[in-house]
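Following: one structure in structure tokens, then a few remarks.
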Amino acid sequence: MKNGVMMQYFEWNLPNDGQLWKQLKEDAPHLAERGITAVWIPPAYKADEQADEGYATYDLYDFGEFDQKGSVRTKYGTRAQLHEAIEALHANGVQVLLDAVLNHKAGGDYAEQFNAIEVKGDNRNEIIGKQRRIEAMTGYSFPGRGDKYSSYKWHWSDFSGVDYDSLTDTHAIFRITGKGKGWSQGVDSENGNYDYLLANDIDLDRPQVRRELFRWGRWATEQFGFDGFRMDAIKHMDYNFTRDFVADVRAACGEQFYVVGEYWSGDIDTLEDFIEHTGGTLDIFDAPLHYNFHGASEEGSSFDMATLLDGTLVERHPELAVTLVDNHDSQPGSSLESSVADWFKPMAYALILLMSEGYPVIFYGDYYSENRVASPHRHIIDLLLDLRRSHALGEQTLYFDHPSCVGLVRHGVANVPGSGLVLLMSNDLAGNKEMSLGPLRAGETWHEVTGAVNEDVVLDAEGTATFTVPARSLAVWIRKQL
Ligand code: CA
């Protein structure tokens, strides 16, 4: 959404109390008032156990409605509560984006035997030993739901790989063999072929599987009124599937249906390959920018701030970049742990919320709490959200020209009086920089609004002034209302 702000409304360590949808419903007016325009909700359908975050997906059609896997509700609540949350968000003009996990399924109902061959973990193109009969939980009968919403039952032939053989009690990656079976080719090349991530890997090349997942995409959107999807783990999925899935749901629900994909790679060339294959039809999280933030926060004053945007999606493909600081996978203790240190987070949020490029995401853990510990960043994020709406407008000039002190100017727009701002950040000593708003702003008095700097500055005849920032901090300057 143009000039929108997304919030990732969950973190990894939320309590398993079934309260998230209720909380989200009650929070809807506040989110709208803060300027949040879309909420990314976690996988809302039944996982292999109630405590799971949703990524160990069991039944895509059970949004907390059927007694399956030990409960009716999911970690986050019931289907009825989810409907209520969506209704409240829509009533407040906030979009709802569902996390769609289509790479794998977990928690099969019964074991099946089939032929497979073991492959090496770090090179899935290299086989170990001979094809043999193995047994795994690849049968899905959905006993609690039956045929409601879909009569499709999943079998081993719908998957391309598993990670366990119960006949020999072996934990390894097994590629399922047989006619038409094999890893998808349109996937990331890490580990030789990164089709397989975990659990029962869905065979997205299989026509009946494609049809069933396309049908689910339309069904979920029609049932719940989702405004878009966040597609999980797409580096492990054939890019042809991803492209066609997005096209199919848009054909049914409208071209405005929003999709952002999680292609988690810090390598911009890899992301550009994916963009080429999918024709730029979906947005992508700017993982390279996240890794730059992470590196900057780890390296401290030795990090060259002038390179902060180098090799990022927001630099190369700003129209597709969803900019983030942290998420449920990068937070401490998670699978891809690479969290941005607290001292740097205000700078990272200032950049993604105040720069003109990118669609920023605020992480629940950074705004509310992580593992039930309140975030120290809520106040600054609230301030930045206000500034984004009232001041971060108009043309932009970047000043990424110094190893420790960098910034940007937003020049404002004529129809919002007093709009425009100056952002300055330092990862070392206190700094200053001469920055210009242009001669039309000559003589204006500007002041700093985060509380970092007390003295005002007056723009000279060229609209230029020397702005200051404290050590290891940020400063945001706006025109002072005299
Ligand atoms: Ca896969």
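Atoms within each ligand, like the ligands themselves, are counted from 1 in listed order.
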> If you look at every heavy atom in Ile202 and Lys105, which pair is closest and at what distance?
Replying inline: CD1-CG, 3.9 Å
> Taking the Ca ion (ligand 1) as the vertex, how big is the angle to OD2 in Asp201 and O in Asp195, rounded to 10°?
Replying inline: 90°
> So which of Arg211, Arg218, Arg215 actually passes side-chain hydrogen bond (donor to acceptor under 3.5 Å, both in side chains) with Asp248?
Replying inline: Arg218
> Under 30°, 30 to 60°, or over 60°: which ring-plane class applies to Tyr364 and Tyr368, parallel, tilted or perpendicular?
Replying inline: tilted
>> Using 3.0 Å as the threshold, say whether any N, O or S atom from Ser160 sits that close to the Ca ion (ligand 1).
In response: no
>> Quick check on the Ca ion (ligand 1): does Asp238 put an N/O/S atom closer than 3.0 Å to it?
In response: no
> Do you see an N/O/S atom of His104, backbone or side chain, under 3.0 Å from the Ca ion (ligand 1)?
Replying inline: no
> For the Ca ion (ligand 1), what is the closest N, O or S atom on His236?
Replying inline: O
> Relative to each other, are the rings of Tyr76 and Trp21 parallel, tilted or perpendicular (30° and 60° limits)?
Replying inline: tilted
Check residues 370-377 and write down every donor-acceptor pair under 3.5 Å in which the side-chain atom is one partner and the other belongs to a residue at least two apart or another chain.
from	atom 1	to	atom 2	distance (Å)
Ser375	OG	Asp366	O	2.5
Ser375	OG	His377	N	3.0
His377	NE2	Asp342	OD1	2.7

